[in-house]
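In listed order, ligands and their atoms are each counted from 1.
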Amino acid sequence: MSRANNRIAVLHGVNFDVLEKRDPDLYGGISLSELEYRIGGWAAEMELEPIFFQTNSEAEFCGYLHRVSETADGAIINAGAWTHYSRAIGDALAVDPVPTVEVHLSDVENREDWRKVSVFDGLVESKISGKGVDGYQEALKLLADRLGA
Ligand code: DQA
């Protein structure tokens, strides 16, 4: 039996469609499908229902966030480079908020200075970075606890 309050939108932003082509030292050399497969496995163990979305369009990303509570109870967001400058996505996070955890595969706190900035500060409940794919497992656990799922 599935639990109520267990739908998690897993949102990937710009350049995640080509994740397997990006620097393997930073991003693990896996594809988005492989990443989603791993997340799906953990979600199933926690009786969470992941809903995956990726776009390279900032407008589409904002549009999804405008209605996120219609389809999800919580969210994991890795907006890629948008994280560091898109005030539009930050504003969109406040439109129809659900408990949200920000995840980054790489250790953004120990890369270029501009990556240390997240315009989502104050809009997300937690930020996990530098743990690779395992960061998503941690984010799912946080949301499961938060949602009582
Ligand atoms: C990233 C970190 C960002 O700085 C970068 O622009 C990405 C990926 C990460 O998951 O480590 O595209 O969000």
Side-chain angles (χ1 to χ4, degrees), residues 6-46 48-69 71-147:
N6 68 344
R7 303 164 304 167
I8 308 296
V10 182
L11 309 180
H12 286 110
V14 63
N15 297 323
F16 275 85
D17 55 327
V18 290
L19 188 58
E20 74 281 3
K21 295 185 181 175
R22 301 182 69 189
D23 187 340
D25 291 337
L26 292 169
Y27 305 121
I30 62 166
S31 67
L32 181 61
S33 304
E34 288 162 345
L35 176 59
E36 290 180 345
Y37 181 80
R38 298 282 305 278
I39 295 168
W42 287 316
E45 285 167 16
M46 296 180 213
L48 296 171
E49 185 191 323
I51 303 155
F52 296 111
F53 178 73
Q54 189 277 328
T55 181
N56 289 327
S57 158
E58 190 179 12
E60 281 180 14
F61 205 86
C62 288
Y64 194 100
L65 289 171
H66 293 167
R67 293 185 164 75
V68 64
S69 78
T71 51
D73 305 301
I76 295 173
I77 178 173
N78 187 345
W82 288 331
T83 306
H84 312 300
Y85 66 86
S86 177
R87 296 281 175 195
I89 292 175
D91 283 351
L93 275 167
V95 170
D96 182 33
V98 293
T100 298
V101 177
E102 176 182 338
V103 173
H104 299 283
L105 291 164
S106 67
D107 185 4
V108 287
E109 307 300 336
N110 287 296
R111 294 181 62 191
E112 302 93 325
D113 282 347
W114 61 268
R115 290 187 205 271
K116 294 177 185 161
V117 175
S118 171
V119 295
F120 308 150
D121 281 354
L123 295 161
V124 295
E125 299 206 348
S126 322
K127 176 174 167 178
I128 299 165
S129 63
K131 298 188 175 174
V133 177
D134 291 345
Y136 289 85
Q137 184 183 28
E138 194 174 321
L140 287 167
K141 276 188 195 144
L142 286 175
L143 287 169
D145 289 347
R146 170 71 171 78
L147 297 171

Can you list the steps and then say if Ile76 with Ile39 is a side-chain contact (heavy atoms from CB on, under 4.5 Å)?
CA-CA 11 Å; Ile76 295 173; Ile39 295 168; 5.5 Å; no
Using side-chain contact (heavy atoms from CB on, under 4.5 Å), reason through Asn56 and Gln54 one step at a time and then give a plain yes or no.
CA-CA 7 Å; Asn56 289 327; Gln54 189 277 328; 3.2 Å; yes
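Judged purely by atom type and a 3.5 angstrom limit, His12 has no side-chain atom pairing as donor or acceptor with the backbone of Asn78. Side chain of Thr83 to backbone of Gly80: a donor-acceptor contact under 3.5 angstrom is found.
At a 3.5 angstrom cut-off on N or O pairs, Arg111 does not count as close to ligand 1.
Both the backbone and the side chain of His104 come within contact range of ligand 1, each with a heavy atom under 4.0 Å. Only the side chain of Val108 comes within 4.0 Å of ligand 1, judged by heavy-atom distances. At a heavy-atom distance under 4.0 Å, only side-chain atoms of Asn78, from C-beta outward, approach ligand 1.
Here the protein heavy atom with the shortest distance to atom 11 (O) of ligand 1 is Ser106 OG, 2.6 Å. For atom 9 (C) of ligand 1, the nearest non-hydrogen atom of the protein is Leu105 N, 3.4 Å.
The ligand atoms of ligand 1 that sit less than 4.0 angstrom from a heavy atom of Arg22 are 7 (C), 12 (O). Proximity to Phe16 (heavy-atom distance under 4.0 Å) selects the following atoms of ligand 1: 8 (C), 10 (O). Using a 4.0 Å cut-off to heavy atoms of Arg115, the atoms of ligand 1 that qualify are 3 (C), 4 (O), 5 (C), 6 (O). In the vicinity of His84, heavy-atom distances shorter than 4.0 Å reach the ligand 1 atoms 3 (C), 4 (O).
Checked against the 6.0 Å centroid threshold, Phe61 and Trp82 count as a close aromatic pair.
Surrounding NZ of Lys116 are more than 12 heavy atoms belonging to other residues, nucleotides or ligands, all under 6.0 Å away. Counted within 6.0 Å of OH on Tyr85, heavy atoms from surrounding residues, nucleotides or ligands total more than 12; the atom is thus considered enclosed.
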